[in-house]
> 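There's a structure below that I have some questions on.
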Amino acid sequence: MELLFEIGMEEIPARFLNQALEDLKSNFERKLKNNRIKFNGVKTYGTPRRLVLVADEVAEMQEDLDELSIGPSKERAYKDGVLTKAGEGFLKAHKIEEDQIEVIKNDKGEYIAFKRFSEGKPTETILPEILKSLVLEETFPKSMRWSDKTIRFARPIEWFLALYGDKVVEFEIEGIKSSNKSKGHRFFGKEFEVSSVEDYMDKIRENNVIIDISERRKMIEEMINNSLLEDEKADVDEALLDEVTNLVEHPFAIVGNFSEDFLEVPQEVLIISMKVHQRYFPILNKKGKLLPKFIVIRNGIDFSQNVKEGNEKVLSARLADARFFYQEDLKIPLDNNVEKLKTVVFQKDLGTVYDKVKRCEKIAEFLIGKLKYNYMKEDILRTVKLAKADLVSNMINEKEFTKLQGFMGENYALKGGEEIGVALGIKEHYYPRFQGDLFPSGIEGIITGISDRIDTLVGCFGVGVIPTGSKDPFALRRTALGIVNIIVNANLDISLKDLVKVSLDTLEADKVLKIDRTKVEADVLDFLKQRTINVFSDMKYRKDVILAVLDKEADNITNALEIVRVITEKLIKEKMVKLLQAVKRVANITKGNKDVTVKEKLFKADIEKALYTDSKKVGEEIEKSIQEKEYSDYFEKVFTLVPTIDKYFDNVIVMDEDKNVRENRINQLTYIMDLFNRIAYLNKLD
């Protein structure tokens with residue numbers, strides 16, 4: 001038979017709905033299985049006013065329980081006719097008395113056991129407790145009590161609809177009784193009785209409730225598209241569409257308007273006001289320019305002039321605030337805001353944002369010199385100085401438009417006559433903000449972004465604020481990923497160790513470093529290495545190749561990535577396969593040896609002399625290749641050693657009886673192993 005269960009309530013927050021339905025479904029399925037009740041499938045539906053669960057082919061009877069639990073052997077369970085600890089543990093685990101134990105025989109001997117049989121009960125006698133527990137166990141990010149009730153729920157519960165077949169599953173929670181009744185749309189529906197799942201589906205729709213979330217979402221998308229003129233498009237993002245879908249029981253799209261005067265404000269500000277604050281969909285022209293129009297999704301079934309005008313009025317008030325903030329900000333040069341950063345705490349042990357900016361300026365000076373951008377020094381340092389200035393602007397400081405930090409700084413900088421590169425760098429130093437985001441395009445944003453992030457990363461490690469498990473209050477993992485991604489994307493030739501050291505210098509100068517400097521340096525570099533592994537893995541490189549390289553070279557990410565790329569390219573070639581075979585043979589013999597001192601007078605065979613001569617020559621040649629970062633050329637030179645190495649192993653017994661000869665041969669192979677491991681630990685490749 002089919003089971004229908006609906007929890008009716010006052011409107012819950014949109015963000016609660018999907019997870020609540022997932023939890024309801026999984027908990028119900030688990031309870032049926034635990035109670036040995038077979039079923040075919042479970043579906044959930046939901047609106048802000050109801051959580052609905054439908055189960056197909058729910059068995060009318062529990063399955064009989066007939067199980068045999070075997071415990072320890074009789075020999076272990078009893079000693080001198082008295083239960084041992086092992087025997088008592090078996091009783092305790094199964095909550096039984098000693099007289100319920102049986103002794104059974106099998107191929108292995110005699111064991112104590114407990115046979116349990118329980119005849120299945122009618123499902124209808126079990127369901128009341130299951131449904132009641134579903135309600136009591138449902139959890140939300142925030143719950144509340146109401147009236148004189150002790151039960152906690154996201155919002156006050158108003159009714160329970162519970163049908164098994166055509167019969168009501170009767171239960172009660174603090175005066176709220178289950179029934180065969182439900183309620184339609186708050187404004188466009190009424191209370192109705194239900195006799196089956198099919199009857200419910202028909203009547204809920206008649207009462208203007210679309211309980212299927214995916215259907216409501218599709219309706220909204222179609223309504224938005226149908227509301228647009230030929231040369232218009234709506235700014236629709238998935239998160240907003242999901243949220244609006246879960247805000248209504250029946251959608252209806254209404255196009256509203258606002259004054260063109262507001263368009264003097266940057267359209268990003270207006271769009272945030274509409275999307276984030278009001279859950280409206282902005283309307284743009286085909287070129288992406290904002291039009292003085294928006295779409296609001298009404299929780300209703302038809303057009304309402306009052307709803308249209310009400311939303312227009314609310315939005316106008318929002319936009320008026322935004323325009324006021326913007327106009328007030330333009331009266332103050334961005335430069336004047338820098339001093340105000342002394343009032344903004346970055347982190348209690350690391351000082352203010354102003355202190356952070358000063359540290360970033362020193363880090364940026366180091367990067368400018370290292371990357372040879374002295375001719376742009378003035379603009380880069382200007383970018384660093386102004387990068388956080390918009391944090392104390394009216395627009396950002398009022399907490400209304402915090403998502404626009406950086407963007408507003410760019411706008412104010414341009415309006416204030418700053419160089420285009422400086423203005424763009426102010427915005428782009430926040431890039432990338434999330435996976436798949438843009439990267440800074442100019443060197444101003446690149447250096448400012450790295451300086452800002454490394455100060456945050458090293459600073460937090462330096463005062464003991466380190467990510468643990470899921471806790472990462474300063475988003476240090478994302479910060480480190482940003483550093484790695486920017487360096488990789490911009491192809492920067494930079495030492496992470498030097499970068500961390502400079503940051504530590506600035507922290508020591510500010511006298512804020514609380515943890516041992518050597519430990520902080522090691523921990524930060526390891527943290528960055530782990531993020532580098534993640535970034536390279538996302539590029540679809542083999543994990544063994546990544547580790548072989550980064551375990552050898554994790555300081556210069558750009559070099560490391562090029563080595564990973566070259567190795568990956570070479571792995572498909574026969575020469576590389578033969579090289580790795582030679583590497584494995586050499587590695588097995590030289591494991592643990594560090595001495596590379598070779599004495600030619602101890603050579604017994606011509607091949608030893610030949611290998612020595614060839615390896616010395618290759619050793620000199622590859623140093624030039626590595627210095628010039630010609631890693632492909634490095635491998636081509638190393639490949640030339642393979643035939644000689646193979647011939648060496650064919651003709652020489654390394655483990656000679658003469659200790660001196662033996663050690664000399666191992667040292668010679670150790671020298672060759674060092675050549676193999678100059679840019680990566682090739683013996684770690686699978």
Side-chain angles (χ1 to χ4, degrees), residues 346-347 350 355-374 376-377 380-381 383-385 387 425 428-432 439-440 442-463 465-467 474-510 512-513 515-536 549-550 552-563 629:
F346 167 59
Q347 198 274 340
L350 294 172
D355 297 326
K356 177 179 178 59
V357 169
K358 289 300 177 184
R359 291 194 297 267
C360 288
E361 287 176 341
K362 295 174 184 176
I363 297 169
E365 285 198 47
F366 160 77
L367 287 171
I368 290 167
K370 276 286 182 182
L371 299 174
K372 298 180 173 57
Y373 280 102
N374 288 294
M376 295 184 66
K377 182 174 181 178
I380 294 170
L381 292 180
T383 305
V384 176
K385 180 181 180 180
E428 291 189 343
H429 91 280
Y430 285 108
Y431 295 173
F439 290 97
I443 196 64
E444 297 93 341
I446 289 170
I447 288 181
T448 303
I450 293 175
S451 302
D452 178 35
R453 287 174 173 84
I454 199 67
D455 175 74
T456 298
L457 182 63
V458 178
C460 286
F461 270 74
V463 296
V465 181
I466 302 172
F474 279 82
L476 298 185
R477 294 185 181 93
R478 189 175 67 206
T479 297
L481 279 171
I483 294 170
V484 174
N485 275 310
I486 291 172
I487 290 173
V488 167
N489 185 71
N491 197 32
L492 301 180
D493 184 5
I494 188 172
S495 162
L496 292 181
K497 186 175 290 187
D498 289 348
L499 185 60
V500 171
K501 283 181 176 179
V502 169
S503 184
L504 284 166
D505 290 343
T506 65
L507 292 166
E508 284 190 331
D510 277 5
V512 295
L513 199 61
I515 311 296
D516 176 69
R517 177 180 175 129
T518 304
K519 177 173 172 51
V520 174
E521 180 181 332
D523 289 349
V524 170
L525 289 173
D526 183 64
F527 194 74
L528 285 166
K529 178 183 175 182
Q530 295 307 312
R531 307 290 87 71
T532 305
I533 292 171
N534 294 342
V535 171
F536 289 5
V549 174
L550 292 182
K552 179 69 177 180
E553 167 63 288
D555 186 43
N556 190 305
I557 299 172
T558 303
N559 289 350
L561 180 58
E562 178 61 14
I563 296 169
K629 299 179 182 178

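Just so you know, these numbers use all the heavy atoms, side chains as well, and skip hydrogens, waters and symmetry mates. Residue numbers count from 1 along this sequence. Note that the coordinates shown come from a computational prediction; the quantities given were computed from them, not determined experimentally.
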> Table please: side-chain donor-acceptor pairs of residues 478-487 below 3.5 Å, with sequence neighbours left out.
from   : atom 1 : to     : atom 2 : distance (Å)
Thr479 : OG1    : Ala475 : O      : 2.9
Asn485 : ND2    : Leu481 : O      : 3.1

> Rounded to the nearest 0.5 Å, how far apart are CG of Leu528 and CG of Asp523?
11.0 Å
> As a test of understanding, state which of Val512, Ile363, Leu513, Asp355 forms a side chain to side chain contact (heavy atoms under 4.5 Å, CB included) with Thr506.
Ile363
> For Lys362 and Val502, work out which heavy atoms get closest and say how close.
O-CG1, 4.4 Å
> What residues form a salt bridge (Lys or Arg N to Asp or Glu O under 4.0 Å) with Lys629, not counting sequence neighbours?
Asp493
> For the NZ atom of Lys377 and the CG atom of Asn374, what is their distance to the nearest 0.5 Å?
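With rounding to 0.5 Å, NZ (Lys377) is 6.5 Å from CG (Asn374).
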> Would you compute the distance between atom OG of Ser503 and atom CD of Glu508 and round it to the nearest 0.5 angstrom?
10.5 Å
> Kindly compute the distance separating NZ (Lys529) from CG (Asp526), expressed to the nearest 0.5 Å.
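Going from the NZ atom of Lys529 to the CG atom of Asp526 covers 6.5 Å.
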> Could you go step by step and tell me if Met376 and Ile368 meet the side-chain contact (heavy atoms from CB on, under 4.5 Å) rule?
CA-CA 8 Å; Met376 295 184 66; Ile368 290 167; over 6 Å; no
> Side chains of Phe439 and Glu428: does their closest heavy-atom pair fall under 4.5 Å?
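Phe439 does not reach Glu428 side chain to side chain.
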> Under the salt bridge (Lys or Arg N to Asp or Glu O under 4.0 Å) test, which residues partner Glu521, sequence neighbours left out?
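Glu521 satisfies salt bridge (Lys or Arg N to Asp or Glu O under 4.0 Å) with no residue once adjacent residues are dropped.
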> Just jot down the side chain to side chain contact (heavy atoms under 4.5 Å, CB included) partners of Glu361, sequence neighbours excluded, or say none.
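Per chain and number, Glu361 pairs via side chain to side chain contact (heavy atoms under 4.5 Å, CB included) with Val357, Lys358, Val384, Lys385.
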> Taking it one step at a time, do Ile557 and Val488 satisfy side-chain contact (heavy atoms from CB on, under 4.5 Å)?
CA-CA 7 Å; Ile557 299 172; Val488 167; 3.5 Å; yes
> With rounding to the nearest 0.5 Å, note down the distance linking CG in Leu499 to CG in Leu504.
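One gets 10.0 Å once the value is rounded to the nearest 0.5 Å.
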> List the residues meeting side chain to side chain contact (heavy atoms under 4.5 Å, CB included) with Asp498, not counting sequence neighbours, and say none if there are none.
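Counting only residues at least two positions away or on another chain, Asp498 forms a side chain to side chain contact (heavy atoms under 4.5 Å, CB included) with Phe366, Lys370, Ser495.
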> For Ile446 and Leu492, what are the C-alpha separation, side-chain angles and deciding distance, and is it a side-chain contact (heavy atoms from CB on, under 4.5 Å)?
CA-CA 10 Å; Ile446 289 170; Leu492 301 180; 3.8 Å; yes
> Val520 and side chain to side chain contact (heavy atoms under 4.5 Å, CB included): which single residue from Leu525, Ile515, Val500 fits?
Ile515
> Are any non-hydrogen side-chain atoms of Leu550 and Phe536 less than 4.5 angstrom apart?
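Result yes, sub-4.5 Å side-chain heavy-atom pair found.
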> Show which side-chain atoms of residues 450-463 pair as donor or acceptor with protein atoms under 3.5 Å away, not counting sequence neighbours.
from   : atom 1 : to     : atom 2 : distance (Å)
Ser451 : OG     : Ile447 : O      : 2.7
Asp452 : OD1    : Lys356 : NZ     : 3.0
Asp452 : OD2    : Lys388 : NZ     : 2.9
Arg453 : NH1    : His429 : O      : 2.9
Arg453 : NH1    : Gly449 : O      : 3.2
Arg453 : NH2    : Tyr430 : O      : 3.0
Arg453 : NH2    : Tyr431 : O      : 3.1
Arg453 : NH2    : Pro432 : O      : 3.4
Asp455 : OD1    : Arg359 : NE     : 2.6
Asp455 : OD2    : Lys356 : NZ     : 2.9
Asp455 : OD2    : Arg359 : NH2    : 3.4
Thr456 : OG1    : Lys356 : NZ     : 2.7
Thr456 : OG1    : Asp452 : O      : 3.1

> Look at atom NZ of Lys552 and say whether more than 12 heavy atoms of other residues, nucleotides or ligands are closer to it than 6.0 Å.
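Counting neighbours around NZ of Lys552, more than 12 heavy atoms of other residues, nucleotides or ligands fall under 6.0 Å, so yes.
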> For the atom pair CG (Leu367) and CD1 (Ile494), what is the distance rounded to the nearest 0.5 Å?
4.5 Å
